[in-house]
Amino acid sequence: MRLQDRVGLNIQELRRAKKMSQEELADRSKVHQTYLSGVETGKRNPSLLVLERIAAALGVDPEELVRRRRRRSSESADS
């Protein structure tokens, strides 16, 4: 999986876990909602400064956005 895709999926997963809309996260991160959508889908390549703002808005360490997530038991153990 491309790092860009992983970051997007991690942001989306963290945002949903906090029951936050894209609009709310975008507002808290000071980015446009369509830009955030592009980041979540792996179509946009955010700068480190933007990732730092998104992480702060989610209340997580920035490394959480790039970390490989543990797969659920229903998924294959291979990567």
Side-chain angles (χ1 to χ4, degrees):
M1 174 181 289
R2 296 182 320 152
L3 181 59
Q4 196 169 319
D5 295 325
R6 181 182 306 145
V7 167
L9 289 173
N10 286 345
I11 291 170
Q12 186 179 75
E13 183 179 295
L14 289 163
R15 175 181 60 77
R16 288 180 174 171
K18 295 183 181 287
K19 301 194 184 324
M20 199 181 294
S21 69
Q22 275 188 347
E23 292 83 4
E24 184 178 355
L25 179 56
D27 185 56
R28 290 181 182 197
S29 304
K30 297 180 178 29
V31 298
H32 197 276
Q33 185 272 327
T34 56
Y35 180 81
L36 179 61
S37 176
V39 171
E40 285 189 1
T41 58
K43 294 177 182 166
R44 294 279 188 161
N45 189 18
S47 70
L48 293 175
L49 294 175
V50 169
L51 288 178
E52 196 171 57
R53 292 198 321 246
I54 291 171
L58 289 167
V60 299
D61 192 279
E63 78 177 40
E64 290 297 315
L65 303 183
V66 296
R67 177 174 286 151
R68 179 175 285 153
R69 298 273 179 209
R70 208 176 253 193
R71 293 183 173 273
R72 290 178 239 155
S73 59
S74 63
E75 297 178 13
S76 169
D78 313 11
S79 177

Side chain to side chain contact (heavy atoms under 4.5 Å, CB included) assessment of V7 paired with N45:
CA-CA 9 Å; V7 167; N45 189 18; over 6 Å; no
So how far is it from [X] [atom1] to [Y] [atom2], rounded to the nearest 0.5 Å?
| X | Y | atom1 | atom2 | answer |
| --- | --- | --- | --- | --- |
| I54 | L25 | CD1 | CG | 6.0 Å |
| S37 | R44 | OG | CZ | 9.5 Å |
| Q12 | L36 | CD | CG | 9.5 Å |
| I11 | E64 | CD1 | CD | 12.0 Å |
| E24 | K19 | CD | NZ | 12.5 Å |
| Q4 | T41 | CD | OG1 | 9.0 Å |

Any donor-acceptor pair under 3.5 Å linking the side chain of R2 with the backbone of G42?
yes
Does the side chain to side chain contact (heavy atoms under 4.5 Å, CB included) test come out yes or no for L58 and L65, once each step is laid out?
CA-CA 10 Å; L58 289 167; L65 303 183; 4.2 Å; yes
On a heavy-atom basis, the closest approach of A57 and R28 is CB-CB, 3.6 Å
Considering all heavy atoms of both residues, which atom of A55 and which atom of P62 are nearest to each other, and what is their separation?
CB-CA, 3.6 Å
Audit row: R53, V50, side chain to side chain contact (heavy atoms under 4.5 Å, CB included) steps and yes/no:
CA-CA 5 Å; R53 292 198 321 246; V50 169; 4.1 Å; yes
Among the clusters formed by ILVMFWY side chains lying less than 4.5 Å apart, do L51 and M20 turn up in the same one?
yes
Is it the case that one hydrophobic cluster holds both Y35 and L14, taking links as side-chain heavy atoms less than 4.5 Å apart, direct or via other members?
yes
Verdict with supporting geometry, N10 and V66, side chain to side chain contact (heavy atoms under 4.5 Å, CB included)
CA-CA 7 Å; N10 286 345; V66 296; 5.8 Å; no
Sequence neighbours excluded, the answer for salt bridge (Lys or Arg N to Asp or Glu O under 4.0 Å) partners of E23 is none
